[in-house]
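The structure appears below as structure tokens.
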Amino acid sequence: MADFTREDLAGSRFQMVDLAGTRFRNVDLTGAVIRGALLVNVDIDGLIQDVRINGVDVVPLVEAELDRRYPDRARMRPADADGFRQAWDILERLWQQTVARARGMAPDLLHERVDDEWSFIETLRHLVFATDAWVSRAILGQPSPWDPLGLPHDEMPRETDVPWDKDARPSLDQVLALRADRMATVRRVLADLTDAALAGRTEPVTEPGYPPPESFAVRRCLQAILTEEWEHRLFAERDLDALQAR
């Protein structure tokens with residue numbers, strides 16, 4: 001069994017290779033071509049665009065099915081400032097339900113990983129980091145808004161000067177206090193958001209950090225927050241299901 005971590009295999013050719021049981025995590029498969037493959041009992045999760053299986057673009061089918069399963073999902077692609085405010089209202093309501101569910105579980109389970117995904121506590125820590133990055137730093141211009149308990153994504157460049165304590169084990173109440181503060185920050189930003197501001201760009205932060213010191217579309221920053229909040233709550237619910245099933 002080979003282990004490829006942080007390797008550049010772009011342009012590689014695999015032929016007559018047994019990849020059964022292989023795990024791909026945080027990989028870039030843009031432009032990959034797969035022919036004569038045996039795809040049985042395969043689970044794929046990620047950003048998909050222009051994905052053709054046996055000549056059929058399956059992306060519209062997948063998107064339609066996800067919107068059918070989750071009626072609020074379409075609201076996570078807002079067209080204007082009012083739409084972003086409505087989307088945030090939905091996220092706050094959904095997260096209240098998920099947190100209430102988590103409170104009914106043994107505290108140790110909230111630190112437990114399922115299939116090597118983030119634990120519930122780690123998920124909340126990551127969302128604290130995401131808000132600090134894309135709202136406090138990118139939009140509000142705070143050069144170093146980080147809390148030591150924030151948890152960056154694994155792919156973030158190591159040279160960034162951001163706290164990264166993977167071994168911290170805060171309590172649920174500790175992390176929820178941080179979450180409440182960050183969610184209030186998002187709500188304040190959205191309360192003042194206009195369509196003109198949404199169409200604008202951020203002022204670059206000159207100090208090093210994450211995201212990099214450059215100007216971003218405001219829509220991109222806010223859309224990143226909606227996507228992070230929506231997707232990670234679904235992941236959390238999935239893993240709480242697995243923990244409860246035990």
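No experiment lies behind these values; they were computed from the predicted model shown.
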Electrostatic pair [X]-[Y], nearest N-O below 4.0 angstrom:
X	Y	result
Arg85	Asp82	yes
Asp67	Arg77	yes
Arg187	Asp89	yes
Arg73	Glu63	yes
Arg125	Glu122	no
Arg25	Glu117	yes
Arg6	Asp154	no
Glu229	Arg179	yes

Return the minimal non-hydrogen interatomic distance between [X] and [Y], and the atom names on each side.
X	Y	value
Ala81	Leu198	N-CD2, 3.7 Å
Glu207	Pro213	O-CB, 3.8 Å
Leu140	Ser136	CB-O, 3.3 Å
Leu240	Leu110	CD2-CD2, 4.4 Å
Asp50	Val59	N-CG2, 3.7 Å
Cys221	Ala138	SG-CB, 3.8 Å

Listed by chain and number, what are the side chain to side chain contact (heavy atoms under 4.5 Å, CB included) partners of [X], not counting sequence neighbours?
X	result
Ala37	Ile34, Leu39
Val62	Ile48, Leu66
Asp18	Ala20
Arg233	Leu94, Trp95, Thr98, Glu237

Working to the nearest 0.5 Å, report the span between [atom1] of [X] and [atom2] of [Y].
X	Y	atom1	atom2	answer
Met156	Tyr210	CE	OH	8.0 Å
Ile139	Leu193	CD1	CG	8.0 Å
Leu234	Asp239	CG	CG	11.0 Å
Leu109	Ile121	CG	CD1	11.0 Å
Ile44	Ile53	CD1	CD1	6.5 Å
Glu112	Leu243	CD	CG	5.5 Å

Hydrophobic cluster membership, with links at side-chain heavy-atom distances under 4.5 Å among I/L/V/M/F/W/Y: are [X] and [Y] in one?
X	Y	answer
Trp118	Val27	no
Phe235	Val99	no
Val218	Val205	no

Over 12 non-hydrogen atoms of neighbours within 6.0 angstrom of [atom1] in [X]:
X	atom1	value
Arg52	CZ	no
Arg75	CZ	no
Asp161	CG	no
Gln49	CD	no
Glu203	CD	no
Arg246	CZ	yes

Evaluation steps, side chain to side chain contact (heavy atoms under 4.5 Å, CB included), between Gln142 and Thr185 = CA-CA 12 Å; Gln142 300 174 20; Thr185 297; over 6 Å; no
inquiry  = Could you go through Arg220 and Thr202, starting from their C-alpha distance and side-chain angles, then the distance that decides it, and tell me whether this counts as side chain to side chain contact (heavy atoms under 4.5 Å, CB included)?
reply    = CA-CA 10 Å; Arg220 173 188 173 184; Thr202 65; over 6 Å; no
Heavy-atom check, side chain of [X] versus side chain of [Y], under 4.5 Å:
X	Y	value
Asp108	Arg169	yes
Met76	Leu91	yes
Glu228	Ile225	no
Gln223	Leu226	yes
Leu222	Pro78	no

query = Is there a donor-acceptor contact under 3.5 Å linking the side chains of Ser171 and Asp173?
reply = no
message = Can you tell me how the ring of Trp230 sits relative to the ring of Tyr70, calling it parallel under 30°, perpendicular over 60° and tilted otherwise?
response = perpendicular
message = Strictly distance-based, threshold 3.5 Å: is any side-chain N or O of Arg182 a donor or acceptor partner for the main-chain N or O of Asp132?
response = no
task = Using atom types as modelled and distance alone, determine if a side-chain donor or acceptor of Ser119 lies under 3.5 Å from a backbone N or O of Arg113.
result = no
query = Cluster partners of Val128, using ILVMFWY side-chain heavy atoms under 4.5 angstrom, listed by chain and number?
reply = Leu149, Leu178
note = Sorted by chain and number, sequence neighbours left out, salt bridge (Lys or Arg N to Asp or Glu O under 4.0 Å) with Arg201 holds for none
query = Do Phe216 and Trp134 have their ring centres less than 6.0 Å from each other?
reply = yes
